[in-house]
Number of protein chains: 2
Amino acid sequence: MVSLPNEGHVAELADLFRLLGDSTRLRIVLACLDAPVAVGDIAVGLQLSNSLVSHHLRLLRAARIVKAERQGKQVFYAAADQHISRVLADMLEHIAEPHPRPD
Amino acid sequence: MVSLPNEGHVAELADLFRLLGDSTRLRIVLACLDAPVAVGDIAVGLQLSNSLVSHHLRLLRAARIVKAERQGKQVFYAAADQHISRVLADMLEHIAEPHPRPD
DNA sequence: ATAACATGTGAACACTTGTTCATCTGTTCA
DNA sequence: TGAACAGATGAACAAGTGTTCACATGTTAT
């Protein structure tokens, strides 16, 4: 049951979903879902350029999907809160849902 | 706790989020979240052209975010399953979450 | 059959956006 | 101070996408 969000919240909601709506960016979020990871390590792990990862992380951080914490030369990123994990888990369940007959 | 989705699932996940990532399309989803609504009624309710609503509904239906049911001349659309509502609810909670300090 | 209504669809446009490259800021250690 | 490392950022381009317009499809009635 979702109490209908007002106009402003709809735009904010859409912005969040749009950020998760790119495969590269989504993989970055998934990479730092369980524990903080440094930018460079994300880049290596996903085989992306540091620049690209950094660009995406900036957007994700601005939307508070991830949070950053500096440790020396490195900056570690992690999922901002539990809700992000839940959103992902719910959407995975949606995918897992058997699609019977239509359309 | 999210068991890491494989490559194919990441793309599928991203596609779903991308569809919810447009304000117009998101409003359409919200409009038929609780009960089936006809295309024309959605258009009137949101002040959009029938054509635009239809275009969006096609994408949403292809991704099984909404399901369609014909009744005479009209076609009623409704959210496909509970997971969609949950995803939206979780993301709303994320927005409601107080953002304490950083940046 | 025809008309009227509801929805679907293809093409075309403007606009947005992901990616790369080059450069810059900031931090640590010598 | 300088060099070396980690990350951030702006510009520019290709590719993708939301919207409109005109027209097609399908359904119910006369």
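Counting only distance, with no hydrogens or angles, the side chain of Arg58(A) and the backbone of Leu60(A) share no donor-acceptor pair below 3.5 Å. Using a distance-only test at 3.5 Å, with no hydrogens or angles considered, a donor-acceptor pair links the side chain of Arg27(B) to the main chain of Leu46(B). Using modelled atom types, one side-chain atom of Arg70(B) and one backbone atom of Gly72(B) make a donor-acceptor pair closer than 3.5 Å. Side-chain N or O atoms of Arg86(B) include none that pairs as donor or acceptor with a backbone N or O of Asp90(A) at under 3.5 Å. A donor-acceptor contact shorter than 3.5 Å is absent between the side chain of Arg61(B) and the backbone of Lys67(B).
One distance of note links OG of Ser85(A) with CG of Leu30(A); it measures 9.5 Å at 0.5 Å rounding.
Using a 4.0 Å heavy-atom cutoff across all strands shown, Tyr77(B) reaches sugar-phosphate atoms only and no base atom.
Sorted by first and then second residue, the pairs that involve residues 72-82 of chain B and meet side chain to side chain donor-acceptor pair (under 3.5 Å), not counting sequence neighbours, are His94(A)-Asp81(B).
Mapping heavy-atom proximity under 4.0 Å, the span of DNA chain D touched by chain A runs 5' to 3' from dC5(D) to dG10(D).
Within a heavy-atom distance below 4.0 Å of DNA chain C, the residues of residues 35-47 of chain B found are Ala38(B), Val39(B), Gly40(B).
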How far apart are the C-alpha atoms of Leu88(B) and Phe17(A), what are their side-chain angles, what is the distance that settles it, and do they pass the side chain to side chain contact (heavy atoms under 4.5 Å, CB included) test?
CA-CA 10 Å; Leu88(B) 294 171; Phe17(A) 285 128; 3.6 Å; yes
Between His56(A) and Asp22(A), is a side chain to side chain contact (heavy atoms under 4.5 Å, CB included) present by the stated rule, with each step listed?
CA-CA 10 Å; His56(A) 283 309; Asp22(A) 174 74; 4.0 Å; yes
Is there a side chain to side chain contact (heavy atoms under 4.5 Å, CB included) between Val87(B) and Leu16(B) once you walk through the steps?
CA-CA 11 Å; Val87(B) 168; Leu16(B) 289 167; over 6 Å; no
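Recorded end-axis angle for the helix from dA1(C)-dT30(D) to dA30(C)-dT1(D) stands at 30°, based on five pairs per end and rounded to 10 degrees.
Inter-residue side-chain proximity for Asn50(B) and Ile42(B) is flagged as unmet; no heavy-atom pair is nearer than 4.5 Å.
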What string of B, S and - do you get for nucleotides 17-30 of chain C, 5' to 3', when a contact is any protein heavy atom under 4.0 Å?
SSSBBB----BS--
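Taking Arg64(B) as the reference, nothing meets the side-chain hydrogen bond (donor to acceptor under 3.5 Å, both in side chains) condition, with sequence neighbours excluded.
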